[in-house]
Amino acid sequence: MHEELKRYLHRPIIILGAPRSGTTFIGKVLAQHPDLAYVVEPRLIWKDGNDLRSDLLRPEHLTPAIRSRIRSSLAQRVHNANRSRLLEKTPSNSIRPGFVDAVLPDAIYIHIIRNGYDAVLSSDKLWDKSGHGVTNVAVGHTRRRLKELSWLRMPFYAPEYLRRMTPKPLKKLVGENPWGPRLPGIHQMLREMDRLQVACLQWKWCVELSCAFGRSLGPDRYYEVRLEDLSEEKTREIIAFCDLSPNDAMEQFIREHYDAERAGQHRSSVDPEAIRKVAPWVEPTNQWLGYPPAPTPSIPV
């Protein structure tokens with residue numbers, strides 16, 4: 001890594017959180033600050049040198065060369081954005097926070113948590129829309145992925161691309177295309193389990209592993225917040241935690257875009273049978289987090 005790039009990785013801000021838990025929202029809030037370069041889900045940068053592994057990476061999966069390449073890629077993103085500090089959001093980092101910390105030992109972490117029922121049910125809806133085809137992929141997303149991908153790495157991701165491009169009526173022939181954190185054995189899970197159950201495991205692993213990691217760091221490096229509790233006051237606390245100068249644009253953004261009632265909209269409108277499927281997987285962690293009991297009785301797995 002070039003020496004002049006190191007300054008761009010001073011106290012980077014890493015957003016942790018399971019899919020559909022508010023990571024994008026809090027990222028957009030902080031991205032209003034003029035010092036921060038918001039790098040959104042650079043999945044292939046984090047998988048550099050570990051393409052054959054799941055997303056459950058650990059510090060021992062790093063080599064000096066891999067670490068240097070990841071750091072250089074992230075620092076270059078900050079440099080190219082003409083900003084001075086990194087703000088990064090990748091939900092898969094929530095199951096590998098120790099790996100991330102080994103790459104960025106100066107990092108601070110914001111962990112946003114959402115009620116498991118709402119997060120999982122929302123994930124399932126988005127999985128159905130985004131797991132196949134490209135019409136629902138965010139503008140620029142494919143272009144960013146291609147920039148991260150070298151020709152030597154193409155064979156590792158070609159099967160995923162082919163599954164994505166297979167029409168929905170034929171997806172039983174090629175298998176469900178994973179979406180969200182790639183847990184170990186996720187393809188086998190999708191063959192033998194309900195997709196909702198896989199989404200539950202993704203949420204559970206993200207929340208529990210991030211909590212265990214973050215709470216061991218102390219309050220100077222880890223800030224935990226619930227999506228349901230976000231407010232202008234919480235936003236000010238997050239700004240102070242990140243050691244950022246006050247910025248009216250952040251507070252204006254949250255005033256204009258945050259709606260506490262939307263955090264629970266999926267649970268309130270879903271088929272009760274889906275909640276019964278989710279409950280055995282989500283309820284223990286939800287109770288550990290202090291959320292209210294299941295909205296409907298659970299049934300055995």
Side-chain angles (χ1 to χ4, degrees), residues 5 8-9 11-48 55 57 69-97 99-101 103-104 107-114 119 122-123 126-127 129-131 134-149 153 157 160-161 164 178-182 202-203 206 210 223 225 227 230 235 238-239 242 244 247 249-250 253-254 256-258:
L5 291 177
Y8 294 113
L9 298 182
R11 283 180 65 79
I13 302 166
I14 305 298
I15 299 172
L16 300 176
R20 307 302 293 167
S21 292
T23 57
T24 296
F25 178 78
I26 201 65
K28 288 181 176 179
V29 170
L30 292 174
Q32 306 304 308
H33 198 282
D35 292 343
L36 301 181
Y38 185 27
V39 179
V40 183
E41 301 189 25
R43 174 188 169 201
L44 300 185
I45 289 177
W46 287 110
K47 292 300 291 291
D48 189 339
D55 287 342
L57 299 175
R69 288 198 301 268
I70 296 175
R71 285 175 60 85
S72 294
S73 296
L74 294 173
Q76 192 65 53
R77 292 286 193 93
V78 182
H79 171 74
N80 293 345
N82 197 28
R83 302 295 176 91
S84 60
R85 194 174 172 193
L86 173 67
L87 168 66
E88 196 275 350
K89 186 270 293 190
T90 303
S92 294
N93 283 344
S94 299
I95 67 170
R96 55 176 180 237
F99 178 90
V100 174
D101 205 53
V103 175
L104 301 170
I108 62 174
Y109 299 88
I110 300 167
H111 182 196
I112 186 163
I113 298 171
R114 186 183 188 184
S122 180
S123 289
L126 192 61
W127 195 327
K129 292 170 59 178
S130 301
V134 297
T135 56
N136 291 294
V137 177
V139 175
H141 185 80
T142 301
R143 184 170 61 251
R144 290 195 301 269
R145 283 282 190 267
L146 290 174
K147 286 183 178 180
E148 297 169 9
L149 187 62
R153 301 175 70 188
Y157 298 97
E160 180 176 322
Y161 177 78
R164 172 176 286 279
W179 178 84
R182 271 58 169 182
Q202 288 176 318
W203 173 82
C206 286
S210 287
Y223 185 98
V225 63
L227 178 62
L230 270 184
T235 305
I238 292 171
I239 293 169
C242 295
L244 295 168
N247 186 286
M250 293 183 186
F253 185 92
I254 199 167
E256 293 179 354
H257 297 280
Y258 178 66

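What you see is a predicted model, and the numbers here were worked out from it, not measured in a lab. Numbers here simply count residues along the sequence, with the first being 1.
Side-chain contact between Tyr223 and Cys242 is absent, with no heavy atoms from C-beta onward closer than 4.5 Å. Put simply, the side chain of Arg85 does not reach to within 4.5 Å of the side chain of Tyr8, judged on heavy atoms. Side-chain contact between Pro181 and Pro19 is present, with at least one heavy-atom pair separated by less than 4.5 Å. Put simply, the side chain of Leu104 reaches to within 4.5 Å of the side chain of Leu9, judged on heavy atoms. Contact check for Glu88 versus Pro42: side-chain heavy atoms found under the 4.5 Å cut-off. For the pair Ile238 and Leu30, the minimum side-chain heavy-atom distance is below 4.5 Å.
Applying the side chain to side chain contact (heavy atoms under 4.5 Å, CB included) test between Leu36 and each of Leu244, Val78, Asn247 identifies Leu244 as the sole match. With Ile112 as the fixed residue, the side chain to side chain contact (heavy atoms under 4.5 Å, CB included) test singles out one of Leu16, Leu230, Thr24: Leu230.
In this structure, Ala107 and Ile14 approach most closely via the heavy-atom pair CB-CG1, 4.0 Å. Here the closest heavy-atom approach between residue Ala81 and residue Ala37 is recorded as CB-CB, 3.9 Å. Summarising the geometry of Gln32 relative to Phe253, their closest heavy-atom pair is NE2-CD1, 3.6 Å, with the distance given to 0.1 Å. Shortest non-hydrogen contact noted between Asp55 and Ser92 is OD2-OG, 3.0 Å.
Panel note: side chain Ser94, backbone Gly17; a donor-acceptor pair is recorded below 3.5 Å. With hydrogens and angles disregarded, a donor-acceptor distance shorter than 3.5 Å links the side chain of Arg182 to the backbone of Pro178. A donor-acceptor pair under 3.5 Å is formed between the side chain of Arg71 and the backbone N or O of Val103.
Rounded to the nearest 0.5 Å, atoms OG (Ser73) and CD1 (Ile45) are 4.5 Å apart. Between the CG atom of Asn80 and the CD atom of Gln76 there is a distance of 4.5 Å, given to the nearest 0.5 Å. With values rounded to the nearest 0.5 angstrom, Asn93 atom CG is found 12.0 Å from His111 atom NE2. Between Thr90 atom OG1 and Glu41 atom CD the span is 5.5 Å, to the nearest 0.5 Å. In this structure, CE in Met250 is found 5.0 Å from NE2 in His33, a value given to the nearest 0.5 Å. The distance from atom CD1 of Ile26 to atom OG1 of Thr235, rounded to the nearest 0.5 Å, is 5.5 Å.
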- Query: Hey, mind stepping through Trp46 and Leu57 against side chain to side chain contact (heavy atoms under 4.5 Å, CB included) and telling me if it holds?
  - Reply: CA-CA 9 Å; Trp46 287 110; Leu57 299 175; 5.7 Å; no
- Task: Quick one: do Asp35 and Arg83 satisfy salt bridge (charged side-chain N to carboxylate O under 4.0 Å, His left out)? Show the steps, please.
- Result: CA-CA 5 Å; Asp35 292 343; Arg83 302 295 176 91; over 6 Å; no
- Message: Please determine whether salt bridge (charged side-chain N to carboxylate O under 4.0 Å, His left out) holds for the pair Arg69 and Asp48, giving the CA-CA distance in whole Å, both sets of side-chain angles, and the decisive distance to 0.1 Å.
- Response: CA-CA 8 Å; Arg69 288 198 301 268; Asp48 189 339; 3.0 Å; yes
- Task: Show your working on side chain to side chain contact (heavy atoms under 4.5 Å, CB included) between Tyr109 and Ile13 and close with a plain yes or no.
- Result: CA-CA 6 Å; Tyr109 299 88; Ile13 302 166; over 6 Å; no
- Query: Does the side chain to side chain contact (heavy atoms under 4.5 Å, CB included) test come out yes or no for Val40 and Tyr38, once each step is laid out?
  - Reply: CA-CA 6 Å; Val40 183; Tyr38 185 27; 3.6 Å; yes
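For the residue pair Arg20 and Ser122, a side-chain donor N or O sits within less than 3.5 Å of a side-chain acceptor on the partner.
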